[in-house]
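Reviewing the structure listed below.
Remember, it's 1-based here, ligands and their atoms both numbered in the order they're listed. What you are looking at is a predicted structure, and each value in this text was computed from that prediction instead of being measured.
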Amino acid sequence: MANVFHSACPLNCWDSCAFKVTVEDGKVVKIEGDEEHPITKGKICGRGRMLEKRINSSERLLHPLKKVDGEFSRISWEQALDEISGKLRDYKNRFGSTSVLHSHDYANGGLLINLDSRFFNCYGGVTELTGSLCWGSGIEAQSWDFGDAYSHAPGDLLNSKSIIIWGRNVARTNMHLYEELQKAKKAGIKLYVIDPIFNATAKIADRYISIKPGFDGLLAAGIMKEILRLELEDRGFIENCSIGFADLEALLNSVSLEYISSVTEVPAEVMTELAYIYGNRPAATMFGLGMQRYANGGNTIRLIDALAAISGNIGIPGGGANFANRQVGQSFNLQALTLPGRKTSGRTVSMMQQAEAILSAVNPEIKMGIVTCGNPLTQLPDTNKAREAFSSLETLVVMDQYMTDTAELADYVLPVTSAFETEDVYYSSMYHHYVNHGPKLVDPKGEAKTDEWIWTELAKRLGFGEEFSFSREDWLRMGLSSLSEDGITLESLRENKFAELPVDPVPWNDLKFKTESGKFEFTSLAAEKAGFEGKLSLSLPSETKWTRPELAAKYPYSLLSIHPLRSNHSQHYHLLTPSPKVKVEVSEDIAQEIELGDGDFARVWNDRGELKGIVSILKKAHPGTINIDEGNWSKFGGSVNVLTSDRESDNRQGSTLFDCLVNIEKA
Ligand SMILES: Nc1nc2c(c(=O)[nH]1)N[C@H]1C(S)=C(S)[C@@H](COP(=O)(O)OP(=O)(O)OC[C@H]3O[C@@H](n4cnc5c(=O)[nH]c(N)nc54)[C@H](O)[C@@H]3O)O[C@H]1N2
Ligand SMILES: Nc1nc2c(c(=O)[nH]1)N[C@H]1C(S)=C(S)[C@@H](COP(=O)(O)OP(=O)(O)OC[C@H]3O[C@@H](n4cnc5c(=O)[nH]c(N)nc54)[C@H](O)[C@@H]3O)O[C@H]1N2
Ligand code: SF4
Ligand SMILES: [Mo]
């Protein structure tokens with residue numbers, strides 16, 4: 001008998017879709033969109049639909065595994081938990097709790113995934129990661145400017161006169177925004193796309209602006225210069241709602257439009273045109289995350305924030321500097337779930353440089369790593385270093401659903417549940433402001449267990465079992481307790497499938513900001529306090545012909561590694577048919593220069609590593625640009641991250657994954 005149930009997508013994505021899931025004889029057989037969801041309205045992408053394959057695949061990990069003499073063999077949960085808790089106790093006694101590293105990312109958008117922090121806090125505090133490969137530079141940048149990173153509700157876009165898609169690959173990564181853009185176009189709203197790649201979103205734009213990778217901050221500076229020259233700025237906002245404008249003006253006066261045009265490779269007339277667009281309020285800026293994955297990434301986002309601010313596009317319907325929507329995650333009671341006060345010691349290392357930390361940390365050395373919701377061997381920069389580091393650990397525990405490149409290196413692999421095998425509530429702090437309910441629909445495959453169950457069992461063995469003496473329902477109620485006044489409870493979510501969170505649809509509309517001054521800060525006091533230069537600058541990426549001429553002579557091309565169409569990071573590659581291959585996309589000028597054609601085999605390399613793949617020519621891409629999609633597994637040709645750098649961005653909270661020079665030749 002087939003039955004259809006409501007559920008939600010757990011994948012790390014802008015869209016956080018609601019599902020209808022068909023279950024037949026205890027097995028998930030089909031996943032569709034739920035038409036009743038106010039934002040996602042019944043449409044879902046292939047990655048969501050493919051969760052059916054992900055949950056049922058014969059490659060799922062079904063039993064705990066232990067590596068002995070280089071070979072994995074099946075062990076019981078009892079043995080796995082006893083041995084792992086024994087190691088945790090032993091390392092803590094001998095070297096302190098920070099000799100353990102918790103490596104993780106955001107692979108599951110469920111609320112209860114946050115119990116990992118509770119476990120490590122109660123354990124006493126481990127070496128934990130700060131910053132983010134994904135959005136770290138931009139979040140920090142907006143925290144400096146506004147005090148936090150908030151976005152307008154999706155529907156507010158239709159109040160705009162123009163929409164500037166600044167480096168977001170909407171058609172591929174954020175399908176429901178793409179639908180809004182199509183609506184907006186029909187309503188006569190003008191669409192601008194700024195991106196080094198002429199992508200599917202650029203195809204529907206009124207104007208596509210091709211830019212040299214990493215130079216968007218300078219472009220924003222050029223547009224601001226034109227806004228001020230043409231007197232299109234919002235004097236009221238600048239005078240009453242901001243601090244530091246004089247610093248910005250001095251910076252803009254220090255360069256000419258010609259210089260900006262020459263380095264950004266954007267004609268001066270385009271900056272003038274964009275000045276009029278921003279001046280003709282309201283204009284909505286929709287940031288992507290690509291352009292902040294550079295050494296100057298934080299400053300880039302801050303310059304674009306400044307552009308939205310001086311043009312009076314902050315706090316008004318149809319405006320906004322929309323990077324992420326942290327109001328969403330902040331709605332939940334994460335304090336209660338994670339117990340930060342229980343940590344007695346702690347050490348932080350940058351998420352970007354966790355491999356370096358494993359190799360070089362002292363007092364104490366890192367002895368043990370526990371990986372959850374992450375696949376660092378494909379997703380971290382500098383794969384060769386990551387491989388060396390994760391292989392060097394005395395003990396590596398990986399909790400995953402599949403034998404990933406990271407799991408292959410583990411001493412213990414623990415099988416975890418997939419979507420639909422446990423109850424949770426799902427949200428994404430990136431785009432819309434609804435939380436979706438996902439009930440348990442089927443029994444876990446094999447002996448797979450939830451992350452929560454594993455933490456609970458380990459906690460019992462380590463003597464803090466009372467902090468984990470709660471049921472799944474108790475945990476969900478605890479996390480939702482901050483929303484009960486708004487009528488959002490576990491019961492209401494079970495009944496109504498999703499709920500609109502009580503967040504501001506037009507953030508900053510009272511023009512009161514969460515910064516120290518309470519104003520928009522062109523010069524950031526928080527940054528100064530933290531020992532950074534609080535003023536905006538005209539900084540460049542780290543790997544360019546201006547900043548590293550000797551490197552650029554050897555490696556003349558910019559390598560991007562954008563998100564794959566058919567996979568969420570590394571999560572779907574192994575389920576694709578035919579098996580995936582490395583695709584090396586090159587701009588037309590490179591193809592001409594190196595005499596490469598579609599289908600040729602090419603080698604891409606730099607001092608960090610090399611990768612080979614099949615050439616595909618990128619029509620209209622910015623000259624000198626190469627792209628290899630991220631997320632690919634070793635067995636299908638390898639991850640692009642063999643080429644990327646583990647350098648941190650300017651504000652130290654982000655990655656520089658796209659700040660990467662390479663060379664290419666026919667192989
Ligand atoms: N299909 C699919 N969708 C996804 C994901 C996935 O793996 N697959 N991942 C999800 C996650 S975790 C995230 S973080 C989001 C990311 O969503 P996006 O930000 O849309 O995607 P990215 O691939 O990170 O960013 C790439 C865009 O930035 C452009 N870009 C790169 N460098 C620059 C630059 O210097 N300037 C400008 N203006 N543009 C630049 C690229 O050409 C590309 O169009 O996507 C989510 N959605
Ligand atoms: N070169 C390059 N590198 C990148 C990027 C890029 O644009 N270019 N993008 C970066 C970005 S934006 C992001 S967000 C990261 C993503 O990096 P990751 O989050 O590490 O990547 P994923 O492949 O999504 O997932 C990691 C693993 O989590 C497992 N998993 C899924 N659900 C669960 C669960 O419930 N419990 C446990 N324990 N495990 C689970 C999956 O099976 C998968 O193996 O990659 C970053 N890396
Ligand atoms: S991956 Fe994103 S767009 Fe696709 S179904 Fe999941 S939430 Fe929706
Ligand atoms: Mo991400």
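- Scored by the side chain to side chain donor-acceptor pair (under 3.5 Å) test, Lys43 finds Glu179 as partners (sequence neighbours excluded).
- With no hydrogens or angles considered, no side-chain donor-acceptor pair links Asp148 and Gln327 at under 3.5 Å.
- Proximity of the aromatic rings of Phe5 and Phe420 is defined here by a centroid distance below 6.0 angstrom, and this criterion is not met.
- Relative to the ring axis of Tyr192, Arg207 does not place its NZ or CZ within 45° and under 6.0 Å from the centre.
- Partner of His37 under the ring pair (Phe, Tyr, Trp, His ring centres under 6.0 Å) criterion, out of His6, His176, His432: His432 alone.
- A salt bridge does not link Arg608 with Asp382: none of the charged nitrogens is closer than 4.0 Å to a carboxylate oxygen.
- When ring centroids are compared, His102 and His104 come within the 6.0 Å threshold.
- Applying the salt bridge (charged side-chain N to carboxylate O under 4.0 Å, His left out) rule to pairs touching residues 420-442 yields Arg60-Glu421, Glu423-Arg494, Asp424-Arg472, Lys440-Asp443, sequence neighbours excluded.
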Could you go through ligand 1 and list every pair where one of its N or O atoms sits under 3.5 Å from a protein N or O, giving the atom names and the distance to one decimal?
from     : atom 1 : to     : atom 2 : distance (Å)
ligand 1 : 1 (N)  : Arg47  : NE     : 3.3
ligand 1 : 1 (N)  : Arg172 : O      : 3.3
ligand 1 : 1 (N)  : Pro564 : O      : 2.8
ligand 1 : 1 (N)  : Leu565 : O      : 3.2
ligand 1 : 3 (N)  : Arg47  : NH1    : 2.9
ligand 1 : 3 (N)  : Arg47  : NH2    : 3.4
ligand 1 : 7 (O)  : Ser567 : O      : 3.4
ligand 1 : 7 (O)  : His569 : N      : 2.9
ligand 1 : 8 (N)  : Pro564 : O      : 2.9
ligand 1 : 8 (N)  : Ser567 : O      : 2.9
ligand 1 : 9 (N)  : His563 : ND1    : 3.0
ligand 1 : 17 (O) : Trp14  : NE1    : 3.0
ligand 1 : 17 (O) : Thr173 : OG1    : 3.4
ligand 1 : 19 (O) : Leu289 : N      : 2.8
ligand 1 : 20 (O) : Asn169 : N      : 2.8
ligand 1 : 20 (O) : Thr173 : OG1    : 2.8
ligand 1 : 23 (O) : His563 : N      : 2.9
ligand 1 : 24 (O) : Arg293 : NH1    : 2.7
ligand 1 : 24 (O) : Arg293 : NH2    : 3.3
ligand 1 : 24 (O) : His563 : NE2    : 3.4
ligand 1 : 28 (O) : Gly167 : O      : 3.0
ligand 1 : 32 (N) : Tyr294 : OH     : 2.9
ligand 1 : 35 (O) : Gly214 : N      : 2.7
ligand 1 : 35 (O) : Asp216 : OD1    : 3.2
ligand 1 : 35 (O) : Tyr294 : OH     : 3.2
ligand 1 : 36 (N) : Asp216 : OD1    : 2.6
ligand 1 : 36 (N) : Asp216 : OD2    : 3.2
ligand 1 : 38 (N) : Ile194 : O      : 3.1
ligand 1 : 38 (N) : Asp216 : OD2    : 2.7
ligand 1 : 42 (O) : Asp195 : OD1    : 2.5
ligand 1 : 44 (O) : Asp195 : OD1    : 3.3
ligand 1 : 44 (O) : Asp195 : OD2    : 2.7
ligand 1 : 44 (O) : Asn199 : ND2    : 3.3
ligand 1 : 47 (N) : Thr173 : O      : 3.1

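- Around atom 6 (Fe) of ligand 3, protein N, O or S atoms at a distance under 2.8 Å total 1; waters are neither shown nor counted.
- For the pair Arg168 and Trp14, the cation sits on the ring face: its NZ or CZ lies under 6.0 Å from the ring centre, inside 45° of the axis.
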